[in-house]
Participant: 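Please see the structure below; I have some questions.
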Amino acid sequence: MSDLDQHLAHQLADVQQRIARAAQAAGRDPHTVMLLAVSKTFPADAVRAAHAAGQRAFGENYVQESLDKIDTLADLRASLEWHFIGPLQSNKTRPVAEHFDWVHSVDRLKIAQRLSEQRPDHLPPLNVCLQINVSGEASKSGVAIAEAAQIAQQIAALPKLKLRGLMSIPEPADDLAAQRAPHRALRELFERLRADGLALDTLSMGMSADLEAAVLEGATIVRVGTAIFGARDYSH
Ligand SMILES: *Cc1c(COP(=O)(O)O)cnc(C)c1O
């Protein structure tokens, strides 16, 4: 094993242990929480090393960077799951529909319609989450809680998408109670939509700093970058 392989195996084990402890505290089976390793800004070699340690699902934010990485790692494609989690402009939906397994950041109907139209027929439906603005600020991306039910029903009807659930990126908060509040709001919305008849199974919430709070509130996917790969360098 290379140094990078060993380092990433260690970081991944640490994060898995944090997830397991939080799940146990919540009386949940740790296997019901999937770790999405957020590899944005990190090179293909880092993804390869994490894969060697058993990690299978990776999250990316930037279209061009992720396409390069997916291409470089084509030999591993059958055992990798690629999740797009960044802001998505409508003129960039096609490569995402063609190359990803999941999109967590659907925040308007038009994006969902384009992804459905552009999803190639030979691929299974694209798994999507509706991004919700749980902090309620106009500047933040995501659908308002009050509008979520209508948009979710419209997305669920699109032929080449499978609406799996909800995603959010709350404002950072320091203490556990403040971290839990927006995650709880997302879970309550999720439960209302399920009661309305939508077959949702995914709550994508929690990052390096607040994954325990998210798991305590029912997260089924936590999206973790820094705690696995280290601090991001945006200078090049
Ligand atoms: C970058 C990013 C993450 C990971 O954040 P960390 O704090 O590094 O764990 C998770 N979700 C989204 C949407 C991101 O953009």
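We count ligands from 1, going down the list as the structure has it; atoms in each ligand are counted the same way. Values in this document were obtained by computation on a predicted structure and should not be read as measured data.
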Participant: Out of His183, Gln179, Arg180, which one pairs with Glu217 under the side chain to side chain donor-acceptor pair (under 3.5 Å) rule?
Facilitator: Arg180
Participant: So for atom CD, which belongs to Glu171, do other residues, nucleotides or ligands contribute more than 12 heavy atoms lying within a distance under 6.0 Å?
Facilitator: yes
Participant: Looking only at protein heavy atoms, which one is nearest to atom 11 (N) of ligand 1, and what is the separation?
Facilitator: Arg223 NE, 2.9 Å
Participant: Enumerate the atoms of ligand 1 whose separation from the nearest heavy atom of Ile85 is less than 4.0 angstrom.
Facilitator: 11 (N), 12 (C), 13 (C), 14 (C)
Participant: Between Arg164, Gln131, His104, which is the residue that forms a side chain to side chain donor-acceptor pair (under 3.5 Å) with Ser204?
Facilitator: His104
Participant: To the nearest 0.5 Å, what is the distance between CG on Leu163 and CG on Leu166?
Facilitator: 7.5 Å
Participant: When you measure from atom 2 (C) of ligand 1 to every protein heavy atom, which one gives the shortest distance, and what is it?
Facilitator: Lys40 NZ, 2.5 Å
Participant: Just checking, is any N or O donor in the side chain of Arg114 or Thr93 under 3.5 Å from an acceptor N or O on the other one?
Facilitator: yes
Participant: Provide the number and element of each atom of ligand 1 under 4.0 Å from a heavy atom of Ile169.
Facilitator: 13 (C)
Participant: Please state which protein non-hydrogen atom is closest to atom 8 (O) of ligand 1 and give its distance, to 0.1 Å?
Facilitator: Thr226 OG1, 2.5 Å
Participant: Report, in ascending order of atom number, the atoms of ligand 1 lying under 4.0 Å from any heavy atom of Asn61.
Facilitator: 14 (C), 15 (O)
Participant: Would you mind listing which atoms of ligand 1 come within a distance below 4.0 Å of any non-hydrogen atom of Val224?
Facilitator: 9 (O)
Participant: At what distance is the nearest protein heavy atom to atom 10 (C) of ligand 1, and which residue and atom is it?
Facilitator: Met207 SD, 3.2 Å
Participant: Please confirm whether Arg232 approaches ligand 1 to less than 4.0 Å, judged on its heavy atoms.
Facilitator: yes
Participant: Angle class for the Trp82/Phe58 ring planes (parallel below 30°, perpendicular above 60°, tilted otherwise)?
Facilitator: tilted
Participant: So, is Gly225 polar-close to ligand 1, with some N/O to N/O distance under 3.5 Å?
Facilitator: yes
Participant: To the nearest 0.1 Å, how far is atom 9 (O) of ligand 1 from its closest protein heavy atom, and which atom is that?
Facilitator: Ser208 OG, 2.5 Å
Participant: Say whether Thr32 and Asp29, considering side chains only, have a donor N or O and an acceptor N or O under 3.5 Å apart.
Facilitator: no
Participant: Looking at Arg18 and Glu212, is there a salt bridge between them, counting it only when a charged N and a carboxylate O are closer than 4.0 Å?
Facilitator: yes
